[in-house]
Amino acid sequence: MSLLDQNWGGSGGGDEDALDDNQQGRQILTSRDGTLMLIECASEMFESLANAMNTASSNSDDDDDRELTTGFQVVMRACQRFYQSKIISNDKDLSGIILYGTEKNKNAFDFNHIYILHELAQPSAERIIQLENLSKKDTFQKTYKDLFGSTQSKGYSLNEALWTCSNLFSNSPQRLTIKRVFIFTCNDQPHASNLTLERQAKQRAKDLNDVGIQVEVFPILTETRTTFDYKKFFQDVLMLSDDELELRNSQAPTGRLNELLKLVYSKEHKKRAYCTVPFSLGTASDGTPLQLSVSVFNMVRPCTKPSKIKLDMKTNMETKTVTKHYLPETAEILMPSDIQYGIDVSNRRVLFDGDEIKAIKKFSDPGFEILGFKNLSCLLPHHYVKPGHFIYPDEKYVEGSACLFNALLKKCLEKQMFILCQFTARRSTPPRLVALIPQAEEVNKKDPSDRIASNGFHVHYLPYADDIRTLPKNDVARVPDEQVDVFKNVIRNLKFKYRSDKFENPALQTLWRNIEAAALNKDKPEEFVDLTIPNEENQNEKVGSYITEIKQMFFPPDYVMGVTKRSSTKRKADSAATSSSTKRSKSDENVDVEAAARNNLLPKLTVPILKDYCKEKNLKATGTKKQDLIDAIEQYLSIAT
Amino acid sequence: MAANKEALALVVDIGVGMSQAAPGFDTPLQITSDILQMIVQRKMFQQSKDELALILYGADDTNNELADDDNYQNINVTFSLAPANWHLFEEIQKIRPGNSPADLVDAVVVAADHLRRETEGKRGYAAKRILLFTNAATPFSDSNLQIIVDSLRRQDIIVDAIGPTWGQQDQGNEDATDDDDGHQNNQPGSPMQTNGHDQEESASARPTTNNHHQSPKKPLTPQQKTGIRVISDIVNTTEGSLFTFREALGILSVHQSKSVKPTATKYVMQLADLKLHICTYIQVKDNKPGIFRLKKVYARDPTTEIKVDRSRYTRDEQDEEIEKEELTDGFRYGTTFVPITKETLEDMKYQSEKCFSIIGFSDANMMRRSLYLGDTVYEVIAEPAYEEEAQTFTGLVQAMYETNSVAIVRKCFSERSSPELGFLRPHIAHDHICMYYVKLPFAEDVRGFDFDNLDAIKRNQPSEEQLKTIDNLITTMDLTHADRGGEQSFQPELISNPYIQRMFQSIARRAISPEEPLALTNTVMEMNDALIRSIAARSKRTIDEIHDQFVLRDTNRRQKITTGDALFGSNDISTKKARHEENGEEAAIDSTSFEAQAAAKKKAALKTVGTVTPVEDFKILIEQGSPSFSDVCKQMCTLIIDLINNSHGDSLFDKALQCVQCLRETCLAKLEPKLFNDFETLLKRKAADVDGRKDFWKKIIDEKISLITSEECIESNVIPVEAKKFLEEETANEVMNNTSIAGDQDENEEDLFDLI
């Protein structure tokens, strides 16, 4: 579980809230997390790190990380990485940084030694660059001095620091689903000498907990502070039970910090239902509809690339688009009520109102309607049209859904059947046939806590007859078994266990890194290893001998593979015999388009040639497809039909 | 592609025999007309290049090239060979029974002659056909039959015949026409089909949406028997087919969109050192017929296509428009905007080459369907021109098939596109060998949502009895062999997309009778009614058992939404219907021509005040006296408020102001001051709203548009002083602002308290 994960440390309560609450097919507003870093600036934070911590910071090969010698630098780097990762994973989340133990102060209550470095806000490049300056060897001391003053002070109150945090949360303009405070400190008993302050701090921590703010501590060990005992003080701040306390004290103090220091380029997906809809099994004799309720989730969807936006050159600020419909002749702006929709059929325009178009698309209310059951073998390899969903029972609308759902699931698994349904996702979406494929829970045998698949039904969209195209049969001679065996050797030696999380998207990762580099003024982006490019050398090493064998079996000795034959290929030669030499002169400027047209050979010409001809004769094609160009030319030469 | 269209002569018997039917049943001519309309519609919808001619025989008029004083009489070529269009459609609608008998064989000769004349010297005809619609009731001479048939064969003209019956019941098989779909419908290239592409039609796939009532079978007259024999003879020798009306209607009742020619995308597949030329074809992809693409047109003048302007504005209070040249591309990085030049943008893109490389092989069982991504299934075959490589490809497919493996592939369409991940699954049938390619997710695309084990909670665990009931349900609703021949029901290959069917139907209906509301039928349920009913009947008992055994309690949390539904969603159609009922008197207009359609629309549209010329509309409507004065005024008021609210800056204010003025004048003239005064009061109150358009109210003040006073109109109860004060008083909102600044406005302060 990652620290970037919104549910980290929580009771999982956020989960329920994130579920699509009452809407059919409409998504609720985005929910955001808020994280505040509360960082102690005692003098020990500027000492060299304890050995145990050093391993923590230098686990990366990055040169930059080796220069982190003090606790303060490490914490600043951790915050920087947290920001950077947040921008990719969920840039709507808010975070902020508060230092305590500083000489200067900056906060709403004029508390001494408490300095709000970053108010609760979305991360930005400026903030990251500032944090970088606060962590780099050459710059961190000066930057620190300029911002917070030169000396460190012990005269702070943790109570006041926590109060400041709580205040920032309550003043947040956005509603926050999860609120967290991360305390970075090297001091396991900050108010050892002042019992009043200690009591106040503990009470404040309890208050925070009561309003749903989670507190977490990241201990920093240094030369002089080599241990961190939670029992002394933080057990009460974190409300740890004795068992938890023991676990904490026995853990290496660096683990959590290491996670923060990792730069993660991955998008976070909040578990939220795409829609929650009824699942209808039929109607009982007394007229009661037999309906359960299911939540529909999208488990696999293309991760969107950061979208290009248009900026105002003068200010570099974002712009907005205003769409106006207007009449071409008078430039009169039109309202939706002035707009109708037309379809041209053979020169007649058929008209519909917007409402009618909606009505044509509406077949039934959202939901699943059962048609029957079928054996899983009825699903053929090519039965697929678009990415599917996953359904899980929902007890909120219909109590008892889970039990019936579970019974269906168990029996479908046992009998190897899928449920054939008609599924309407949204009110104005025409229905689709779907196969509900049963999925049993699958757990990694080595690690029972690693769930590979959850139980539920996969919703698999089936094509309609209209979607399946008729292709010519490809009936070729089969290869004899002994030759096939050589291929089997190739397959055996190049076999690996496919896992969906194995390959990162090279285009997306490259873009993320490049944007980051541009925003942070870096010379070069972070490195990325593209695993989708097969390692040819490696492959040849493993199967080279078999490949050679295959080559000898099928190819003449001097055959060069993969080279595209020019116009002398057999197939083309065959047809060329009858149809003059138009093709051979493809590269030739003076292809006789007109002659080709007369002989009905336009389709044999390339698109660029047709385009050039259209341009030359000033012909306007109705589209960009080849047939459109051909139509235009035929019409021009009045060979048209 | 060279020969890509058909020439089709529709030869229709309109003689006396064709218009005879038992009371309450459609005549053969009516059914023929329906079939013809469906054929023509289909050709238009498919944007087919096929050319059609319409030839009527038994007509009262004679119009054909062969006719002289004695020969080829009463044969009328009403539409010369050309691609299907609305004119042809109207000609078909105009077909009426004729009273002058004509010779069937003569009609065929005229048709053949017409086809010859019209196609001579032109290219691109793949076939020439005559479609003969007759019940063979009219006598004819078959003296020259052999010569004529020979001539047809020489010209490669195929003759198909369509009629109520072809006499199968002579063999004593009462229901022959119902069940003999096997041998004739599946003939490729039959005229009703999309050219070139034969569809697998079978009885179950054919929704029976038509509700034709054909006459009960009557014994055939001797003339019909002879006729049928001769027609069968012609059809057989020209290699044509005989269709009954029922068959033809069945085939035509399923709309088909334009067929797509398969086109190959070529790649070089790489596996270690092997490089093989391959072709990929789209096998499955959501079919969105191009003809459904909607054009936005102006409601008052449907010939005008509306243009869309998308301009950029600053995102601040100024709301300034920004010219294209002043824009730059950029990305968002957190809250930071990162401007990027065109050149850097290119550099930032991931560079890749066109490729189709096998990364490795994996167990086919690992490829869960839930991982499939993308919108297309491709068929992959070896490029036939490279024989040796094709053989190697075949070897690989066989080996993968036998080891139950799939290949994981990196595929990139071009240098400019992003690489994708996918897999190849081998497919071998007795006469076909290929692989299927489907896209797979990258790590970023997978959302690792976790769901609790359902058995973790006791009350979610079904009892043995409950499980047994579900077992029964699966057995009674098993579709695996539910079809008549023991085949599976609801095979995707045989179920048409109901939306496509309905859309075509709606277009056809609207094109033919623009004023009628749409009939929104064609659900999957309706199209497979019989099957669904039989399953429902079988599973009825089990459903009741489930109802008894499982407790399902609706928490009623959805209730609210359903009511909202009733308010906004489902009344669309009913209002539409109401509107059309209002327009009832106009339905009498001949609505088939486009002009009539447009005119009707225009007039119909002028039941409302539009935004383009509201003042003119308003005046016309007031003059028309319908709808009622108060309704028109209400429309005007709504429109004014719309204009104000939708105005970008003050761009629409002038227009709104004109409307207000016009409304005032009209109310004054019609002695209805209250209407206007109420509206102005409303405007003022609206201006006080937080997001109200105070700026517009200012205009009203500037223009001194006051309430209608008793001085102006006897009906008004507003005295001039009040009216003046009404304009001078500030809106509540302004008052609020001012009180904090100025202390001397005590009276206003009181007003404020009143308002609060």
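In what follows, every chain begins at residue 1, and chains take the letters A, B, ... in the order their sequences are listed.
Heavy atoms closer than 4.5 Å to chain B are found in the side chain of A:Leu409, but not in its backbone. B:Val268 touches chain A through its side chain: at least one heavy atom from C-beta onward sits under 4.5 Å away, while N, CA, C and O do not. Contacts of A:Ile437 with chain B are made by side-chain atoms alone, with heavy-atom separations under 4.5 Å and no backbone atom involved. Heavy atoms of B:His277 lying under 4.5 Å from chain A belong exclusively to its side chain. Heavy atoms of A:Met335 lying under 4.5 Å from chain B belong to its backbone as well as its side chain. Both the backbone and the side chain of A:Thr323 come within contact range of chain B, with heavy atoms under 4.5 Å apart. Contacts between A:Leu404 and chain B at a heavy-atom distance below 4.5 Å involve backbone atoms as well as side-chain atoms. For B:Ile359, the parts sitting under 4.5 Å from any heavy atom of chain A are the backbone and the side chain alike. The contact between A:Glu536 and chain B is made entirely by side chain atoms (from C-beta outward), counting heavy-atom distances below 4.5 Å. With a 4.5 Å cut-off on non-hydrogen atoms, A:Leu494 touches chain B through its backbone and its side chain both. For chain B, the nearby part of A:Leu420 is the side chain; its heavy atoms alone come within less than 4.5 Å. When heavy atoms are compared at a cutoff of 4.5 Å, A:Leu311 approaches chain B by way of both its backbone and its side chain. Interface remark: A:Leu379 contributes backbone and side-chain atoms alike to the contact with chain B (heavy atom separation under 4.5 Å). Heavy-atom distances place both the backbone and the side chain of B:Met400 under 4.5 Å from chain A. If you measure heavy-atom distances from A:Ile360 to chain B, the contacts under 4.5 Å come from both the backbone and the side chain. Contact annotation for A:Tyr559: only side-chain heavy atoms (C-beta onward) come within less than 4.5 Å of a heavy atom of chain B. In this structure, the portion of A:His460 lying under 4.5 Å from any heavy atom of chain B is its side chain and not its backbone. For A:Ser364, no part lies under 4.5 angstrom from a heavy atom of chain B.
With respect to chain A, the highest number of heavy-atom pairs below 4.5 Å among B:His547, B:Glu444, B:Lys275 belongs to B:Glu444. For the set A:Leu292, A:Asp501, A:Ile515, A:Asn375, the count of heavy-atom pairs under 4.5 angstrom toward chain B peaks at A:Ile515. For the set B:Met477, B:Arg332, B:Arg369, the entry with the most heavy-atom pairs within less than 4.5 Å of chain A is B:Arg369. Comparing B:Ile535, B:Ile457, B:Asp455 by how many heavy-atom pairs each has under 4.5 Å with chain A, the most go to B:Asp455. Interface remark: of the candidates B:Leu396, B:Leu373, B:Asp642, B:Ile470, B:Leu373 forms the most heavy-atom pairs closer than 4.5 Å to chain A. Annotation: maximal heavy-atom pairing with chain A below 4.5 Å, among B:Phe45, B:Phe337, B:Tyr281, occurs at B:Phe337. Most heavy-atom pairs under 4.5 Å with chain A, from the set B:Met366, B:Gln283, B:Glu379, B:Gln461: that is B:Gln283.
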Exercise. Please assess A:Val398 against B:Arg553 for the test side chain to side chain contact (heavy atoms under 4.5 Å, CB included), listing each intermediate value before the final yes or no.
Key: CA-CA 5 Å; A:Val398 181; B:Arg553 199 182 70 81; 5.9 Å; no
Quiz item: Could you go step by step and tell me if A:Leu290 and B:Phe550 meet the side chain to side chain contact (heavy atoms under 4.5 Å, CB included) rule?
Solution: CA-CA 10 Å; A:Leu290 200 56; B:Phe550 289 86; over 6 Å; no
Practice problem: Verify side chain to side chain contact (heavy atoms under 4.5 Å, CB included) between A:Ile339 and B:Tyr298, making sure each step is shown before the conclusion. | Solution: CA-CA 5 Å; A:Ile339 299 173; B:Tyr298 182 37; over 6 Å; no
Quiz item: Could you go step by step and tell me if A:Ser285 and B:Asp544 meet the side-chain hydrogen bond (donor to acceptor under 3.5 Å, both in side chains) rule?
Solution: CA-CA 6 Å; A:Ser285 296; B:Asp544 282 339; 2.3 Å; yes
Self-check item: side chain to side chain contact (heavy atoms under 4.5 Å, CB included) evaluation trace for B:Trp86 with A:Val345
Solution: CA-CA 9 Å; B:Trp86 291 104; A:Val345 181; 3.9 Å; yes
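With respect to the salt-bridge test (charged N to carboxylate O, under 4.0 angstrom), the residues B:Asp329 and A:Lys310 qualify. Taking a cutoff of 4.0 Å between a charged side-chain nitrogen and a carboxylate oxygen, B:Asp375 and A:Lys386 do not qualify as a salt bridge. Comment: A:Glu356 engages B:Arg510 in a salt bridge, judged by a side-chain N to carboxylate O separation of less than 4.0 angstrom. Salt bridge annotation for A:Asp344-B:Lys295: present, with a cationic side-chain nitrogen under 4.0 angstrom from a carboxylate oxygen.
Listed here is the closest heavy atom pair of A:Lys374 and B:Thr480: CA-OG1, 3.5 Å. B:Pro462 approaches A:Asn406 most closely through the heavy-atom pair CD-ND2, 3.6 Å. For the residue pair A:Tyr384 and B:Val377, the shortest heavy atom distance occurs at O-CG2, 3.6 Å. Of all non-hydrogen atoms in B:Val297 and A:Gly342, the two that sit nearest each other are CG2-N, 4.3 Å. Looking at every heavy atom in both residues, B:Lys285 comes nearest to A:Val385 through C-CG1, 4.4 Å. Contact record, A:Lys415 with B:Asp471: NZ-OD1, 2.7 Å, taken as the closest heavy-atom pair.
Counting non-hydrogen atoms of neighbouring residues, nucleotides and ligands closer than 6.0 angstrom, the NZ atom of B:Lys540 exceeds 12 such neighbours. Around NZ of A:Lys495, the count of heavy atoms belonging to other residues, nucleotides or ligands within 6.0 Å exceeds 12.
Two residues are said to be in side-chain contact when any heavy atoms from C-beta on lie closer than 4.5 Å; A:Ile550 and B:Leu274 meet this criterion. Side-chain contact between B:Arg447 and A:Met299: absent, with no pair of heavy atoms (C-beta onward) separated by less than 4.5 Å. Taking the side chain as every heavy atom from C-beta outward, B:Glu402 and A:Lys488 approach each other to under 4.5 Å. Using a 4.5 Å cut-off on side-chain heavy atoms (C-beta onward), A:Tyr464 and B:Pro498 make contact. Contact check for A:Phe496 versus B:Ile408: side-chain heavy atoms found under the 4.5 Å cut-off. Side chains of A:Met561 and B:Leu276 form a contact here, defined as non-hydrogen atoms less than 4.5 Å apart. No side-chain heavy atom of A:Glu441 sits under 4.5 Å from any side-chain heavy atom of B:Leu454. With contacts defined as side-chain heavy-atom distances shorter than 4.5 Å, the pair B:Phe490/A:Leu371 qualifies.
Under the 3.5 Å distance criterion, the side-chain polar atoms of B:Ser418 are left unmatched by any main-chain donor or acceptor of A:Ala507. A donor-acceptor pair under 3.5 Å links the side-chain atoms of A:Gln539 to the main chain of B:Ile358, judged by distance alone.
Between A:His382 and B:Tyr436, the ring planes are tilted. Angles from 30° to 60° get that label.
A cation-pi contact, defined as under 6.0 Å to the ring centre and within 45° of the axis, links A:Lys271 to B:Phe451.
Remark: the A:Glu126 side chain and the B:Thr336 side chain contain an N/O donor-acceptor pair separated by less than 3.5 Å. Judged by distance alone, the side chains of B:Glu493 and A:His383 do bring a donor and an acceptor atom under 3.5 Å apart.
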